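Not measured: the values here are computed from a predicted model.
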Amino acid sequence: MTNLRNACLLAGLLFSAASARAGEDVPTREHLVPPGAERAYHAWHYTPVVKVKDMVIVSGIPAAGPGSYEDKVRRMFDSLKRQLELAGSSLADVVELTSFHTGPTDAASFQAEFAKFGPIHHEYFPSHYPAWSAVGTSALLAEGAVVELRAVAIIGSGRAPKADVPLPTP
């Protein structure tokens with residue numbers, strides 16, 4: 001399976017290179033930085049938001065600053081919303097999330113954290129949930145951060161989502 005995947009990736013790269021040589025429209029990568037976050041680009045050498053065609057990639061946003069765990073997490077999701085809007089996208093367009101959590105050290109402590117994190121996540125993603133990977137980690141770059149979140153969105157994909165998922169049987 002890995003060899004097939006590698007062959008498909010190589011074919012895609014070769015097609016992209018051939019298209020570029022043939023003068024076809026090559027996607028432009030647009031670097032977007034929220035006002036006040038210019039240091040991220042110039043000092044830390046990363047882009048908070050990258051847009052390629054209809055795909056938007058949002059770099060890790062820390063849940064840090066003053067307040068409770070819940071306050072920090074809500075600010076993080078609010079920041080995600082603003083960064084998506086900077087690229088012409090919205091939370092409804094998010095197709096993938098990756099969250100990094102400093103608190104949990106095992107499955108039981110992850111469950112305890114998700115008892116607090118889950119309801120907040122549901123406020124921002126009430127239906128048509130994105131794919132999501134949650135990872136435990138020992139430290140994050142932002143001091144006092146309890147979580148960091150990165151996201152991928154496809155502009156317009158939230159307009160008419162489909163989810164025919166039956167409820168689980170008891």
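- Within the 4.5 Å cutoff, no side-chain heavy atoms of K51 are placed close to those of R29.
- In this structure, the side chains of L97 and L149 come closer than 4.5 Å at one or more pairs of heavy atoms.
- Counting heavy atoms from C-beta on, the side chains of P62 and L140 never come closer than 4.5 Å.
- Using modelled atom types, one side-chain atom of E38 and one backbone atom of G36 make a donor-acceptor pair closer than 3.5 Å.
- Within the 4.5 Å cutoff, the side chain of L86 has no heavy atoms near those of the V33 side chain.
- Between E85 and K81 there is a salt bridge, since at least one side-chain N of the basic residue sits less than 4.0 Å from a carboxylate O of the acidic one.
- Residues Y124 and V94 are not in side-chain contact: their nearest non-hydrogen atoms beyond the backbone lie 4.5 Å or more apart.
- Side-chain atoms of M55 and I57, non-hydrogen and from C-beta on, do get closer than 4.5 Å to each other.
- Formation of a donor-acceptor pair under 3.5 Å by the T137 side chain with backbone atoms of F100 is not found in this model.
- By the 30° and 60° cut-offs, the orientation of the rings of F114 relative to F117 is tilted.
- Side-chain contact annotation: W132 with S99, donor-acceptor N/O pair under 3.5 Å present.
- Taking 4.5 Å as the limit, every side-chain heavy atom of T102 sits out of range of all side-chain heavy atoms of V147.
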